[in-house]
Amino acid sequence: MSTTMCQTMGFVVSALGFAGIIVSTCLDMWSTQDLYDNPVTAVFQYQGLWRSCVRESSGFTECRPYFTILGLPAMFQACRALMIVGIVLGAIGLLISIFALKCIRIGSMEDAAKANITLTSGVMFIVAGLCSIIGVSVFANMLVTNFWMTTSSMYSGGAISGMGGMGGMQTLQTRYTFGSALFVGWVAGGITVIGGIMMCIACRGLMPEETTYKAVSYHVPSKSAGYKASVYEDKSKKSIYNESRRSEDGKSYPTKYDYV
C-alpha cells in the first residue's frame, strides 16, 4: 500500500470514527428500560448523557434535560467529560490532517513538515478514540452495577427507592440495559483508533529519504593540502638547521637564506 493511499484511507476512516463519536454523544439512548418481566409496557423510558425521555405507546415522546450538574453521579459526569475531550481532540486532528495530506499542496510545505503533522493528527485520533471507548465502557459498567443491584432488590422483595438508577431520577425497580448509543460509541472509538494508527504508519513513508551529501564534509583538495604541508615541513627544517648552527659554538653563521 502506497503512502498516499495509507494516509488518505487513515484520514477517511478517522473522519468516519469522529462523526460516530459525535453521534454517540448526542444520542439519547445510552440506557434503555429493560422490558423483561415488566408488566407495564405502555411507557418506555430511556436516558442519555444530556436528558431523559419517556415514550408512550401512543407515540408521544417527552424529554426532560438534566437541570443539574452537581446532582449527577461523578462517574456520569466523567463519561460526559471523556466524550467531550474525544470530540475536541478529533476535531483538532481532523483539521490539521487536511493540511498534511500528500495529495494537497499548500505553499512550499516540505514533506518533513507534512510527516510531523500526520504523526500529530494520528496520535490525536488515537487518543480521541480511546476517550470514546473508555467513556462508553465506564457508562456500561455503571449500567451493569445498577442492573444487578436492582435485580437483587426485586427478587429479595426489597423496595429501595430514591437512588434512581441514573442520576437519582428513577426508582431501583426500574432496570436499565445497554442502549444503542453505547454500541455506536464502541464502534466509532475503534474506527477512530484504527484510522489514527494508519496515519502514524503513513508518517514513516512521508519522511524524506536521507541523502549521502548530507553526511559528506567538504575538505581542501588533497593536492593543495599536500603542497601546503610540504612547504611547512621545508620551513620547519630550515629553522631547525639554523638553530643547530647557532647552538654549536654560540655564534650565528650566515646562511644562504640570509642573503635572500
Side-chain angles (χ1 to χ4, degrees), residues 10-34 44-55 61-98 119-147 149 163-170 174-200:
F11 174 79
V12 174
V13 172
S14 300
L16 291 176
F18 171 67
I21 294 175
I22 296 178
V23 172
S24 174
T25 306
C26 296
L27 285 176
D28 294 327
M29 288 191 176
W30 278 65
S31 60
T32 58
Q33 183 180 359
D34 185 24
F44 179 70
Q45 302 176 3
Y46 54 93
Q47 298 175 345
L49 292 179
W50 314 105
R51 58 182 183 174
S52 61
C53 299
V54 176
R55 185 175 62 196
T61 302
E62 181 181 0
C63 295
R64 181 176 183 271
Y66 301 130
F67 293 106
T68 179
I69 296 179
L70 299 179
L72 298 174
M75 299 301 293
F76 188 84
Q77 298 184 24
C79 295
R80 280 181 168 184
L82 286 171
M83 299 304 293
I84 293 175
V85 170
I87 292 175
V88 172
L89 291 177
I92 297 175
L94 188 66
L95 179 63
I96 64 176
S97 62
I98 296 176
L119 179 61
T120 303
S121 61
V123 172
M124 285 187 175
F125 283 134
I126 293 175
V127 176
L130 291 178
C131 287
S132 174
I133 294 174
I134 295 173
V136 173
S137 299
V138 170
F139 195 94
N141 181 63
M142 292 172 56
L143 285 179
V144 172
T145 303
N146 291 331
F147 182 87
M149 288 178 60
M163 296 184 65
M166 300 300 298
M169 301 176 62
Q170 303 291 336
T174 304
R175 298 187 301 181
Y176 290 90
T177 184
F178 293 168
S180 58
L182 297 182
F183 301 100
V184 175
W186 274 318
V187 174
I191 292 176
T192 308
V193 171
I194 294 175
I197 294 175
M198 295 178 67
M199 296 287 285
C200 293

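Numbering of residues begins at 1 and proceeds along the displayed sequence. Quantities reported herein were computed from a predicted structural model and do not represent experimental measurements.
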K.L.:
Closest heavy-atom contact between Leu82 and Cys131?
P.N.:
O-CB, 3.5 Å
K.L.:
Donor-acceptor pair, Gln45 side chain versus Arg55 backbone, under 3.5 Å?
P.N.:
no
K.L.:
Mind jotting down which residue pairs meet the side chain to side chain donor-acceptor pair (under 3.5 Å) criterion with at least one end in residues 123-138? Sequence neighbours excluded, please.
P.N.:
Ser137-Trp186
K.L.:
Might you work through the side chain to side chain contact (heavy atoms under 4.5 Å, CB included) test for Thr25 and Trp50, ending with a clear yes or no?
P.N.:
CA-CA 9 Å; Thr25 306; Trp50 314 105; 3.9 Å; yes
K.L.:
If I take atom SG from residue Cys63 and atom CZ from residue Arg51, how far apart are they, to the nearest 0.5 angstrom?
P.N.:
4.0 Å
K.L.:
To the nearest 0.5 Å, how far apart are CG in Leu89 and CD1 in Ile84?
P.N.:
12.0 Å
K.L.:
Measure the spacing between CD1 of Ile191 and CZ of Phe18 and express it to the nearest 0.5 Å.
P.N.:
14.0 Å
K.L.:
Under the 3.5 angstrom rule, does the side chain of Tyr66 hit a backbone N or O of Gly48 as a donor-acceptor pair?
P.N.:
yes
K.L.:
Could you give the distance from CG (Asn146) to OG1 (Thr177), rounded to the nearest 0.5 Å?
P.N.:
12.0 Å
K.L.:
For Cys53 and Asp28, work out which heavy atoms get closest and say how close.
P.N.:
SG-OD2, 3.9 Å
K.L.:
Is Cys200 close to Ile126 at the side-chain level, that is, under 4.5 Å between some pair of heavy atoms?
P.N.:
yes
K.L.:
Quick one: are Phe178 and Phe183 in side-chain contact, heavy atoms under 4.5 Å?
P.N.:
yes
K.L.:
Measuring only between side-chain heavy atoms, which start at C-beta, is Phe125 closer than 4.5 Å to Leu94?
P.N.:
yes
K.L.:
Within the structure provided, determine whether Asp34 and Tyr176 are in side-chain contact (heavy-atom separation under 4.5 Å).
P.N.:
no
K.L.:
Are any of the side-chain heavy atoms of Val136 and Trp30 separated by less than 4.5 Å?
P.N.:
yes
K.L.:
How far apart are the closest heavy atoms of Gly196 and Ser14, and which atoms are they?
P.N.:
N-OG, 3.4 Å
K.L.:
Relative to the ring of Phe76, is the ring of Phe139 parallel (under 30°), tilted (30 to 60°) or perpendicular (over 60°)?
P.N.:
tilted
K.L.:
List the steps, then state whether side chain to side chain contact (heavy atoms under 4.5 Å, CB included) holds for Met199 with Ser97.
P.N.:
CA-CA 9 Å; Met199 296 287 285; Ser97 62; 3.7 Å; yes
K.L.:
Passes side chain to side chain contact (heavy atoms under 4.5 Å, CB included), Thr32 versus Phe44? Steps please.
P.N.:
CA-CA 8 Å; Thr32 58; Phe44 179 70; 3.7 Å; yes
K.L.:
Give, for atom CD of Gln33 and atom CZ of Arg175, the distance between the pair rounded to the nearest 0.5 Å.
P.N.:
10.0 Å
K.L.:
Report the distance from atom SG of Cys26 to atom CE of Met83, rounding to the nearest 0.5 Å.
P.N.:
9.0 Å
K.L.:
Identify the two heavy atoms, one from Ile21 and one from Ala188, that lie closest to each other, and give their separation to 0.1 Å.
P.N.:
N-CB, 3.5 Å
K.L.:
Taking all atoms of both residues into account, what is the closest heavy-atom pair of Gly190 and Ile133, and its distance?
P.N.:
N-CD1, 3.8 Å
K.L.:
Side-chain contact test, heavy atoms from C-beta onward, threshold under 4.5 Å: evaluate it for Met124 versus Ile96 and give yes or no.
P.N.:
yes
K.L.:
Yes or no on side chain to side chain contact (heavy atoms under 4.5 Å, CB included) for Leu182 and Leu143, after CA distance, side-chain angles and deciding distance?
P.N.:
CA-CA 11 Å; Leu182 297 182; Leu143 285 179; 3.7 Å; yes
K.L.:
Looking only at non-hydrogen atoms, find the nearest pair between Val193 and Leu130 and report the distance.
P.N.:
CG2-N, 3.9 Å
K.L.:
Hey, does the side chain of Ser52 reach the backbone of Gln47 with a donor-acceptor pair shorter than 3.5 angstrom?
P.N.:
no
